Amino acid sequence: MDEKNILIRCDGLVKIYQCDDVEVMALQGLDLQIEQGELLAIIGKSGSGKSTLMNMIGGLERPTAGKLYLDGEDLYAKSDKEMTIYRREQVGFVWQMSSKNLIPYLPAVENVEAPMRGMGVGKEAMRERALSLLERVGLSHKKDAYPHQMSGGEQQRVAIAVALANEPKILLADEPTGALDTKTSNQIQDLFRSLNEELGITIIIVTHDMKLAHKVDRVLMISDGKISTEKVLKEDYRKALQQLEDDSMLNLFTHEEYSVLDKAGRLQLNDEMLEAAGIDGNRVKVEIMDGKVVISKE
Ligand code: ADP
Ligand code: MG
């Protein structure tokens, strides 16, 4: 990874939620680096900390400990007011529930205009931009439709246009296709890819759908509030993927899987690896063999 191109750097992010007398550690010292212009997927079981991480990157919450740098700037050193400006100007959000994305009593075009209000954009320029964004997501013909007059997929397309209204640097999508059928999910995923390629915008998508995850440059697996493994799209496939029409060709071999080593030299092994190696206890044998580190059952 090229240090110069790093847009987001998380250093030991910890988030503890206090619920009555119980503490939940949603993020447990998470380290992560994301390059400018990456198209990234985050996968992980329910409760693993995916949404918490998205909220941290989006400046919706502050961590209990740890830092997040954006273009080298300490995000949480900002005042609440500066954070609000950051959220409005630099990040776009797309949530799973379209009701969270759209204002029900406004037609599509006015929904896209909403984030631009109060930003010093003239009325005509605002309308023009909203219409061009709707065209970009393939929904010009629905500009006057209200959210309830659109399908789930159409609503998410409008939501993407809304998220892009203020030309953000980062687009965060938390399970944007969670409530959609496979075909529609695929179309939305293709839209993310083309926006990423055409606008150069950094896109982070939380998904539970491995198949969708294979359409991105890099897949990060989060477990227990930490990044455990990552899969990187192999260079050879990068081109092929752009021309790919048949999704059945997507498989595990398009990506190379890496485990993440943290600063203290700790490594997390996922359930698949443990099972394959027959490891079930809490101790393993670690040996160096032919210049490789071999981990096996005790
Ligand atoms: P995911 O998005 O991967 O399903 P979350 O980030 O939503 O996971 O949650 C991670 C953990 O933190 C879960 O155990 C969840 O119950 C807890 N959690 C998340 N948000 C809150 C909150 N606002 N208050 C208390 N606990 C929370
Ligand atoms: Mg979530």
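Model, not experiment: these values are computed from the prediction. First listed ligand is number 1; within each ligand, the first listed atom is number 1.
Per-atom contact check: atom 21 (C) of ligand 1 touches the protein, criterion being a heavy-atom distance below 4.0 Å. For atom 16 (O) of ligand 1, the nearest protein heavy atom lies 4.0 Å or farther away.
Using a 4.0 Å cut-off between charged nitrogen and carboxylate oxygen, K50 and D174 do not count as a salt-bridge pair. The residues E113 and R129 are annotated as not salt-bridged, no charged nitrogen and carboxylate oxygen being separated by less than 4.0 angstrom. Salt-bridge formation is detected for the pair E73/K78: a Lys NZ or Arg NE/NH1/NH2 atom is positioned less than 4.0 Å from an Asp or Glu carboxylate oxygen. Ion pairing between D217 and R193 holds under the 4.0 Å rule for side-chain N and carboxylate O. Taking a cutoff of 4.0 Å between a charged side-chain nitrogen and a carboxylate oxygen, K297 and D280 qualify as a salt bridge. Ionic pairing of D80 and R62 is present here: one or more N-O contacts between side-chain nitrogen and carboxylate oxygen are shorter than 4.0 angstrom. A salt bridge does not link E298 with K285: none of the charged nitrogens is closer than 4.0 Å to a carboxylate oxygen.
Nearest protein neighbour of atom 14 (O) of ligand 1, counting heavy atoms only, is V24 CG1, 3.5 Å. Of the protein's non-hydrogen atoms, Y17 CB, 3.3 Å is the one closest to atom 25 (C) of ligand 1. Atom 8 (O) of ligand 1 has its closest protein heavy atom at G49 N, 3.2 Å.
The contact set between ligand 1 and K45, taken as ligand atoms under 4.0 Å from a residue heavy atom, comprises 3 (O). The contact set between ligand 1 and S51, taken as ligand atoms under 4.0 Å from a residue heavy atom, comprises 1 (P), 2 (O), 6 (O), 7 (O). Of all atoms in ligand 1, listed by their number and element, those nearer than 4.0 Å to a heavy atom of A26 are 10 (C), 11 (C), 12 (O). Close approach of ligand 1 to T52 (heavy-atom distance below 4.0 Å) involves ligand atoms 5 (P), 6 (O), 9 (O), 10 (C). For ligand 1 and S46, the ligand atoms under 4.0 Å from any heavy atom of the residue are 4 (O).
Inspection of the E61 and N55 side chains reveals an N or O donor paired with an N or O acceptor under 3.5 Å.
When distances to the Mg ion (ligand 2) are checked against a cut-off of 2.8 Å, S46 contributes no N, O or S atom below that limit.
Taking CD1 of I43 as the reference point, atom OG of S48 lies at 9.5 Å (rounded to 0.5 Å).
When heavy-atom distances to ligand 1 are checked against a 4.0 Å cut-off, C19 comes that close only through its side chain, counted from C-beta outward.
In this comparison of G225, G44, G47, the heavy atom closest to atom 4 (O) of ligand 1 sits on G47.
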